[in-house]
Amino acid sequence: KSQGTPLRMPGFFLPKFTLERYLTKSPRNGGESVAEVLRAHGIKFVFTLVGGHISPILVACEKLGIRIVDTRHEATAVFAADAVSGTPGPVFIEIPIDTLYPFHLVAEEVQVKNPPKGLMGKIVTWYLKNHVMNIFAGAWEARDVSPLPVDIPYATDDQVQKCIELLSRAKKPVIVLGSQVTLPPTPADDIKKALETLGIPCFLGGMARGILGKNSPIHIRQNRRDALKEADLVLLAGTVCDFRLSYGRVLNRRSTIIAVNRDKKQLLKNSDLFWKPTVAIQGDAGSFLLRLSKGLKGHRCPEEWPQKLKAGDVTKENANRCKADEKTERHLNPLKVLHCVDELMSDDSIIVADGGDFVGTAAYIMRPRGPLRWLDPGAFGTLGVGGGFALGAKLCRPESEVWIIYGDGSLGYSVAEFDTFTRHKTPVIALVGNDACWSQISRDQVSILGSNVACGLAFTDYHIVADGFGGKGYLIGREDEDRLSDIISQAQKESREGKATLLNVLIGVTGFREGSISI
């Protein structure tokens, strides 16, 4: 616009030369704009590894009361944000200096220090000045920063009604729940009530573990393959037919299969190859279960079916307890250690799983106490989530006892976060199954290829590392077997008193997970 033409500003008019003076002298920066958006979205924590390219965001967030949590590794910041309930994030980000810092700093960085003389120099200087003015033009105008609506697919009434009819006729139904059922907007506690009303036996996977509590009569933990073969109806609620379900091969082709998933690609993965859905619904699994329960009000699954599966559960778990009492060639039996921790763990505990063989064993032994109290690495077994997940969980639920179940291999990714736990007063408890090996890989590699190359680790003093970062470490070996419960209880006491603790448990080899392939 020409010199002196009024420009619209929020609530008043400014001529162009006044606007230019306003922009060039303003101390405001882009970090303030970012912080305002984050506050509008209800963000309580920003996880980061500090850097000059994001400093304005961190300082502006701090001024608005958003807590800045700095970690020792960028990946930890990402995992911590992922673990936070409600609105996840934000995470460590990079923004160019010309959109983040105040006008005078950006102009100083952009301008040519020694511009060429003559007309060309004047043109370059004029162009760069206008370029910076254009970047900041309208920067401080009022804008709507409220969250955008989230588009969530839902099952249609006809689809729900069809599934109600199929379930009402089923004699041996089974529900397999995946992590997706824990997503908003349906509260996990409402899903728990719906499942209990239906009375259908449930297998829980991923983040769905714990949704039925510690000791539910309809939660079946063992013999899943056999149950799926016998079932006359299987409801896959947010569960994907990938390697975890043998690509659908564990499903009986004569069974009625209902699949519900928000993602169409995941909904139909490997279908018409190893399995075929009777009803496939692209929709939210959590709300679907609530509508199903409401439509089947007064109807319950025949009780002899969940009772039969539960009896198989008890038999298998009793056998596992017998295996826990077996002596290993050296060190402690990992099953015994996990059983002991499970028995002493408080009712408000949150379990974070980060590892391979030791965590795979823990999934059979440990019982999450309630919904959203089990956090694991996901379908691809992403190692290194432990420190970040635990940090986010403890910040969201400071009153809860937060346990990280670590393999000694995965511990190496985030053990430095004991410094973060100390500085940010997030006293978690880490249980490390230390067998000096990448055991989940070694088991297959040795049997198939005849070599343990790159799988061996050392019985490292991880407890001393925890001490060095301001936490409290314990070394537990076979000589401590009789006082294992006392040491665990002491670690819990240290945690309650504000100290992050690490139990470095030397464990031996068992045949518990033989045949479990990791390729």
Side-chain angles (χ1 to χ4, degrees), residues 44-45 47 69 71 76 78-88 177 179 181-184 187-189 191-192 204-216 219 221 337-355 358-359 361-378 382 384-407 410-411 414 417-418 420-421 424-433 471 488-489 491-503:
K44 295 180 180 179
F45 307 104
F47 300 93
V69 183
T71 63
T76 298
V78 176
F79 294 135
D82 191 25
V84 171
S85 58
T87 305
L177 292 95
S179 298
V181 298
T182 65
L183 292 175
D189 286 323
I191 296 173
K192 177 177 183 286
L204 310 178
M207 293 272 289
R209 288 186 175 94
I211 204 166
L212 288 169
K214 182 180 176 182
N215 291 308
S216 170
H219 178 201
R221 291 161 52 88
V337 173
L338 291 165
H339 273 297
C340 188
V341 171
D342 184 60
E343 288 163 6
L344 294 172
M345 194 177 282
S346 69
D347 287 337
D348 69 347
S349 292
I350 297 172
I351 303 171
V352 175
D354 186 9
F358 189 60
V359 166
T361 301
Y364 283 94
I365 305 298
M366 306 190 82
R367 295 164 294 174
R369 276 31 181 181
L372 300 175
R373 293 190 176 274
W374 173 279
L375 308 180
D376 72 15
T382 307
V385 302
F389 277 11
L391 178 63
K394 191 65 175 176
L395 287 169
C396 287
R397 297 185 180 177
E399 75 288 349
S400 293
E401 200 173 83
V402 176
W403 286 81
I404 316 175
I405 311 302
Y406 272 123
S410 61
L411 174 67
S414 62
E417 301 306 339
F418 265 80
T420 307
F421 301 147
H424 288 281
K425 296 179 174 55
T426 47
V428 305
I429 308 172
L431 175 70
V432 184
I488 294 169
S489 297
Q492 291 173 298
K493 180 174 180 291
E494 294 272 5
S495 175
R496 288 192 297 271
E497 293 173 353
K499 205 86 161 168
T501 61
L502 185 148
L503 303 172

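Values in this document were obtained by computation on a predicted structure and should not be read as measured data.
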Flag side-chain contact, heavy atom, 4.5 Å: [X] against [Y]:
{"X": "Asp189", "Y": "Pro371", "value": "yes"}
{"X": "Glu401", "Y": "Asp348", "value": "yes"}
{"X": "Thr420", "Y": "Thr76", "value": "no"}
{"X": "Leu338", "Y": "Met366", "value": "yes"}

For [X] and [Y], work out which heavy atoms get closest and say how close.
{"X": "Ala80", "Y": "Leu391", "answer": "CB-CD2, 4.1 Å"}
{"X": "Gly387", "Y": "Ser414", "answer": "N-OG, 3.2 Å"}
{"X": "Ala208", "Y": "Leu177", "answer": "CB-O, 3.8 Å"}
{"X": "Gly210", "Y": "Pro368", "answer": "CA-CB, 3.6 Å"}
{"X": "His219", "Y": "Leu212", "answer": "CB-CD1, 3.9 Å"}
{"X": "Gly392", "Y": "Phe47", "answer": "CA-CZ, 4.4 Å"}

Side-chain donor or acceptor of [X] paired with backbone N/O of [Y] under 3.5 Å:
{"X": "Asp354", "Y": "Gly384", "result": "yes"}
{"X": "Thr426", "Y": "Leu395", "result": "no"}
{"X": "Ser216", "Y": "Gly213", "result": "no"}
{"X": "Ser495", "Y": "Pro427", "result": "yes"}
{"X": "Arg221", "Y": "Tyr364", "result": "yes"}
{"X": "Gln492", "Y": "Leu344", "result": "yes"}
{"X": "Arg397", "Y": "Val402", "result": "no"}
{"X": "Lys394", "Y": "Ser400", "result": "yes"}

Between atom [atom1] of [X] and atom [atom2] of [Y], what is the distance when rounded to the nearest 0.5 Å?
{"X": "Ile405", "Y": "Ile365", "atom1": "CD1", "atom2": "CD1", "result": "12.0 Å"}
{"X": "Phe45", "Y": "His424", "atom1": "CZ", "atom2": "NE2", "result": "11.0 Å"}
{"X": "Arg373", "Y": "Met345", "atom1": "CZ", "atom2": "CE", "result": "11.5 Å"}
{"X": "Ile350", "Y": "Ile429", "atom1": "CD1", "atom2": "CD1", "result": "12.0 Å"}
{"X": "Ser489", "Y": "Glu494", "atom1": "OG", "atom2": "CD", "result": "12.0 Å"}
{"X": "Leu411", "Y": "Leu431", "atom1": "CG", "atom2": "CG", "result": "11.0 Å"}

Electrostatic pair Arg367-Asp342, nearest N-O below 4.0 angstrom
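Looking at Asp342 together with Arg367, the answer is yes, because their closest N to O distance falls below 4.0 Å.
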
Applying salt bridge (Lys or Arg N to Asp or Glu O under 4.0 Å), name anything that partners Lys493, two or more places apart in sequence or on another chain.
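Checked Lys493 against salt bridge (Lys or Arg N to Asp or Glu O under 4.0 Å); matches are Glu497.
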
Tell me every residue that passes salt bridge (Lys or Arg N to Asp or Glu O under 4.0 Å) with Arg209, counting only those two or more places apart in sequence or in another chain.
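Checked Arg209 against salt bridge (Lys or Arg N to Asp or Glu O under 4.0 Å); matches are Asp376.
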
Before giving the answer on side-chain contact (heavy atoms from CB on, under 4.5 Å), spell out for Leu204 and Trp374 the whole-Å C-alpha distance, their side-chain angles and the decisive distance to 0.1 Å.
CA-CA 11 Å; Leu204 310 178; Trp374 173 279; over 6 Å; no

Determine whether Val385 and Leu375 satisfy the following criterion, side-chain contact (heavy atoms from CB on, under 4.5 Å), listing intermediate values before the conclusion.
CA-CA 9 Å; Val385 302; Leu375 308 180; over 6 Å; no

In terms of ring plane angle, is the pair Phe421 and Phe418 parallel, tilted or perpendicular, where the classes change at 30° and 60°?
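The arrangement is perpendicular - the two ring planes meet at more than 60°.
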
Check the pair Phe358 / Ser410 against side-chain contact (heavy atoms from CB on, under 4.5 Å), numbers first and verdict last.
CA-CA 10 Å; Phe358 189 60; Ser410 61; over 6 Å; no

Begin from the C-alpha positions of Val352 and Val428 and carry the test side-chain contact (heavy atoms from CB on, under 4.5 Å) through to its verdict.
CA-CA 10 Å; Val352 175; Val428 305; over 6 Å; no

